[in-house]
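Below is one structure, written out as structure tokens; the observations come after it.
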Amino acid sequence: MDRKEIAQILTEIGTMLELLGESPFKSRAYYNGARTIELLTEDIEELVRQDRLKEVRGIGKALDEKIKELVNTGRLEYYDRIREKVPPGLFDLLKVPGLGPKKVRTLYEKLGITTLGELEYSCIENRLIDLPGFGEKTQKKALEGIQYLKRNRGRYLYPEALDKARALVDGLRESGLASRVSIAGSLRRRTETVKDIDILASGDLPEAIMDEFSRLPWVDRVLERGSSKLGAVLDSGIRVDLRVVDDGQFPFALHHFTGSKEHNTAMRHRAKGMGFKINEYGIFGESGEGSVQCADEQEFFKYLGLQYIPPEIRENTGEIEAAEQGRLPRLVEYDDIKGIFHIHTRYSDGISSIEEMAKRAIEMGMFYIGISDHSRSAYYAGGLKEEDVLRQREEIERLNGLYEGFRIFAGIESDILTDGSLDYPDEVLASFDFVIASVHSAFTLDRETMTKRLVRALENPHVTMLGHPTGRLILAREGYPVDLERVIETAAGLGKVIELNANPYRLDLDWRWCRRAKEMGVRISINPDAHSSEGLGDIVYGVDAARKGWLEAGDVFNCIPLAEMERLLKRA
DNA sequence: GCCGTTTTCGGCCCGACTGTTTTCAGTCG
């Protein structure tokens with residue numbers, strides 16, 4: 001049983017305890033424990049074997065025993081027992097906006113409702129109205145919530161939400177009513193999916209700002225509105241929350257509403273330890289009157305004795321401690337990127353020519369690109385036969401003669417076959433400037449076989465980097481099971497590069513693992529996997545993910561300048 | 001259930017909004 005499964009079970013227990021009406025602090029302890037386990041970098045089985053679990057903060061006697069049981073037996077009696085008391089459908093009910101554990105519990109106990117369907121029916125029959133703490137509005141809202149869930153998975157890839165959010169921010173700025181406007185929330189932190197858009201504005205006329213906001217063309221309808229907060233739905237179905245504060249409060253509110261929740265909690269703890277209280281309105285001394293003044297977030301962090309923490313890494317995974325010690329990384333930026341690998345052209349399934357790709361890359365300020373069409377076993381994508389490879393090579397050489405200070409590298413995205421071998425003979429592989437090895441078939445191998453497959457591919461001396469290491473498609477498909485720790489270890493030992501595929505559906509390697517790869521000394525290549533010249537632009541999403549993974553320019557393969565890259569890729 | 005140079009008991013982050021109440025619980029972020 002791995003970390004993720006254990007964390008999942010602990011989280012589930014936390015939720016069930018809430019549904020059973022247990023102490024909220026008890027369920028929080030389980031949530032904390034789950035998160036702690038999820039973020040462990042040490043091997044959980046090793047920790048259990050050495051009986052060192054209890055040393056981990058957040059794991060006490062009870063959780064220690066339960067995790068041991070899970071690791072040793074793959075089961076947990078307590079979990080099985082408690083699960084009998086909580087119908088599984090109640091978890092679905094919790095997803096209905098407006099319904100929390102208390103209300104769901106009432107629905108179950110008073111009306112015996114255990115599924116979304118039963119809830120919908122009961123709403124139509126007006127049975128919710130007379131329940132304690134319920135009423136007509138609650139019932140109506142629940143019904144709407146069910147419709148919403150039916151219509152919508154409720155999560156969006158962040159680039160989609162980002163475009164909408166930017167339009168809203170611009171619209172509000174143009175009104176001239178707001179002093180400052182910013183995107184906040186998980187969108188500002190660039191998490192791979194978001195469920196809503198958070199926007200923060202400051203100004204003296206909150207009512208006018210909210211009026212203006214609700215009139216913006218993308219806003220479909222306003223769901224709720226108070227004196228400082230407005231919730232609405234966009235025409236695309238995305239929920240958006242607008243919050244308005246006084247301009248002096250803006251930096252504190254921006255920090256507060258950017259989160260993450262875990263980061264905020266840790267920051268409040270820290271502030272408390274220093275004799276302050278922080279909330280969205282300011283930093284207050286123990287006496288409570290009057291906030292400290294801060295012009296912006298920079299000053300906010302400075303006042304609390306911290307370096308400025310970029311939003312992307314505010315996940316309470318050590319950023320506060322690092323900021324305290326002045327050890328925060330200087331996160332990679334778009335301008336650090338010197339070249340772009342993993343580009344498909346018309347030779348396989350791309351729609352742009354090599355020349356168009358080169359032109360666009362030069363406009364983007366790049367110094368080199370690496371062409372890597374699909375290899376011969378990728379029939380579905382028009383993979384290159386050996387004679388195609390030669391033809392493409394000639395074109396690349398011809399084009400390279402045209403540019404000064406810009407280079408096109410000739411590469412290939414070679415399929416990793418089921419046994420871990422690649423689909424060209426060694427002498428063909430050796431003739432490329434670089435080779436990306438990727439899995440495009442047989443996703444259903446078991447974890448051990450898949451791990452060996454990837455390890456063997458990395459061991460091939462001609463392989464430069466491993467492409468999209470887990471094959472996941474966000475919101476669509478789980479990655480295949482694989483022991484990433486071992487794959488990264490192998491890459492580290494052999495000096496191989498691992499791709500961070502910048503396609504917003506992939507973002508693979510996951511940013512959480514990027515940080516691990518960095519620790520182990522593996523360089524990451526931020527690759528757009530472009531199938532058109534516009535696709536090159538996806539690289540910005542890869543940079544976002546890399547930043548979330550604490551990567552610096554020195555950790556990123558394609559931040560290497562052209563001259564050095566030419567030396568690196570020179571084949572013997 | 002976790003945690004402790006304030007503590008082994010009594011805390012545990014904080015505030016807005018809604019809807020149901022008639023002073024507040026529940027939900028959400």
Side-chain angles (χ1 to χ4, degrees), chain A residues 10 13-14 16-36 53-67 78 82 93-107 128-142 144-145 184-189 191 194-200 206 210 222-231 239-245 249 252-253 255-273 275-284 288 316:
Chain A
L10 295 181
I13 292 176
M16 290 192 286
L17 291 174
E18 280 196 282
L19 289 169
L20 290 170
E22 291 265 0
S23 151
F25 299 110
K26 190 166 165 180
S27 45
R28 191 182 305 164
Y30 276 92
Y31 292 136
N32 285 341
R35 190 173 155 81
T36 305
L53 260 182
K54 262 184 298 200
E55 293 169 19
V56 180
R57 209 186 141 76
I59 308 292
K61 190 163 169 290
L63 281 177
D64 172 57
E65 282 171 8
K66 291 187 172 75
I67 295 165
Y78 175 70
I82 194 171
L93 300 188
L94 282 175
K95 290 182 198 143
V96 178
L99 296 187
K102 295 274 165 51
K103 287 213 159 70
V104 167
R105 188 167 173 229
T106 306
L107 287 170
L128 266 60
I129 294 178
D130 295 329
L131 293 177
F134 285 70
E136 208 164 323
K137 289 267 182 65
T138 317
Q139 174 172 285
K140 189 160 167 273
K141 235 180 132 187
E144 283 170 2
S186 54
L187 197 50
R188 185 164 180 244
R189 301 199 314 278
T191 58
V194 300
K195 76 171 169 41
D196 61 11
I197 294 171
D198 292 300
I199 292 184
L200 177 71
M210 286 192 280
V222 173
L223 297 176
E224 64 240 341
R225 177 171 170 169
S227 57
S228 68
K229 194 177 157 184
L230 178 151
R239 238 200 91 102
V240 53
D241 288 320
L242 170 71
R243 186 67 179 249
V244 188
V245 297
Q249 298 166 336
F252 310 104
H255 176 263
H256 179 89
F257 291 113
T258 297
S260 65
K261 213 187 308 174
E262 290 82 2
H263 168 89
N264 285 356
T265 304
M267 286 290 285
R268 287 194 209 105
H269 267 294
R270 178 185 167 77
K272 202 169 176 183
F276 302 123
K277 185 183 82 165
I278 56 176
N279 56 27
E280 59 260 59
Y281 303 119
I283 303 178
F284 303 90
N316 193 30

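In what follows, every chain begins at residue 1, and chains take the letters A, B, ... in the order their sequences are listed.
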Donor-acceptor pairs are to be reported for all side-chain atoms of residues 55-67 of chain A against protein atoms at under 3.5 Å, with residues two or more places apart or in another chain.
{"residue": "A/D64", "atom": "OD2", "partner": "A/K68", "partner atom": "NZ", "Å": "3.1"}
{"residue": "A/K66", "atom": "NZ", "partner": "A/Y30", "partner atom": "OH", "Å": "3.3"}

Does A/V194 reach the side chain of A/T191, with side-chain heavy atoms less than 4.5 Å apart? yes
Spacing between A/D64 atom CG and B/dC2 atom P, to the nearest angstrom: 9 Å
Using the P atom as the point on both nucleotides, what is the distance between B/dG1 and B/dT5, in whole Å? 23 Å
Side-chain heavy atoms of A/F134 within contact of A/K103, under 4.5 Å: yes
Using atom P in both nucleotides, what's the gap between B/dC12 and B/dG19 to the nearest angstrom? 30 Å
Each nucleotide in nucleotides 4-11 of chain B should get exactly one letter: B, S or -. Can you fill that in based on protein heavy atoms under 4.0 Å? S-------
In whole Å, I'd like the distance from the CZ atom of A/R239 to the P atom of B/dC28. 10 Å
Scan A/V96 against the nucleic acid and name what it touches under 4.0 Å (heavy atoms): base, sugar-phosphate only, or nothing. sugar-phosphate
Judged by whether its glycosidic angle lies within 90° of 0, B/dT21 is anti
For A/E22 and B/dC2, what is the distance between atoms CD and P respectively, to the nearest whole Å? 13 Å
Taking the C1' atom of each, how far is B/dG11 from B/dT7, in whole Å? 9 Å
Rounded interatomic separation in angstrom, taking CG from A/L10 and P from B/dC2: 10 Å
According to the Watson-Crick and G-U wobble definitions, with both distances under 3.5 Å, which nucleotide is paired to B/dC14? B/dG29
Name all residues meeting the side-chain hydrogen bond (donor to acceptor under 3.5 Å, both in side chains) criterion together with A/D241; count only those two or more places apart in sequence or in a different chain, and write none if there are none. A/R239
Residues in ring pair (Phe, Tyr, Trp, His ring centres under 6.0 Å) with A/H256, at least two apart? none
On the nucleotide B/dG29, are OP1 or OP2 found under 4.0 Å from the side-chain N or O atoms that A/K195 carries? yes
What is the distance, to the nearest angstrom, from the CG atom on A/L107 to the C1' atom on B/dT27? 14 Å
Hits for salt bridge (charged side-chain N to carboxylate O under 4.0 Å, His left out) against A/K102, two or more places apart or cross-chain, chain-then-number order -> none
Partners passing side-chain hydrogen bond (donor to acceptor under 3.5 Å, both in side chains) against A/K137 (at least two apart in sequence or in another chain): none
Members of residues 23-33 of chain A that approach DNA chain B, where some heavy atom sits under 4.0 Å away: A/F25, A/K26, A/R28, A/A29, A/Y30
B/dC9 and B/dG15, which share atom name C1', separated by this distance in whole Å: 28 Å
Please tell me which of A/D198 and A/N264 maps to the more 5' nucleotide of DNA chain B, matching each residue to the nucleotide holding its nearest heavy atom. A/N264
Applying side-chain hydrogen bond (donor to acceptor under 3.5 Å, both in side chains), can you list everything that pairs with A/R105, at least two apart in sequence or on another chain? A/E109
Starting at CD1 of A/I278 and ending at P of B/dG15, how long is that distance when rounded to a whole Å? 11 Å
Using a 4.0 Å heavy-atom cut-off to protein, can you give one letter per nucleotide of nucleotides 16-26 of chain B, 5' to 3': B if the base is in contact, S if only the sugar-phosphate is, - if neither? SSSSS-----S
At 4.0 Å (heavy atoms only), tell me whether A/K140 reaches a base, stays on the sugar-phosphate, or touches nothing. nothing
What integer number of Å spans the C1' atoms of B/dG26 and B/dT20? 10 Å
Closest non-hydrogen contact found for A/L94 with A/P101 is CD2-N, 3.5 Å
How long is the line joining NZ of A/K261 and P of B/dG15, in whole Å? 17 Å
So A/L99, base contact, sugar-phosphate only, or nothing? Heavy-atom distance under 4.0 Å. sugar-phosphate
In whole angstroms, the gap separating C1' of B/dG15 from NE2 of A/H255 amounts to 16 Å
With sequence neighbours left out, what residues match A/A184 under side chain to side chain contact (heavy atoms under 4.5 Å, CB included)? A/D198, A/L254, A/F257, A/T258
For A/L17 versus A/S27, what's the shortest heavy-atom pair and its separation? CB-CB, 4.1 Å
Please measure how far the P atom in B/dC14 lies from the corresponding atom in B/dT21, and state the result in whole Å. 29 Å
Taking B/dG10 as the reference, what is the distance to B/dA16 when you measure between their P atoms (whole Å, please)? 31 Å
Considering only atom C1', compute the distance from B/dT23 to B/dG29 and round it to an integer number of Å. 24 Å
Only counting residues at least two apart or in another chain, list the ones meeting side-chain hydrogen bond (donor to acceptor under 3.5 Å, both in side chains) with A/Q249. none
Contacts of type salt bridge (charged side-chain N to carboxylate O under 4.0 Å, His left out), residue A/K261, not counting sequence neighbours: none
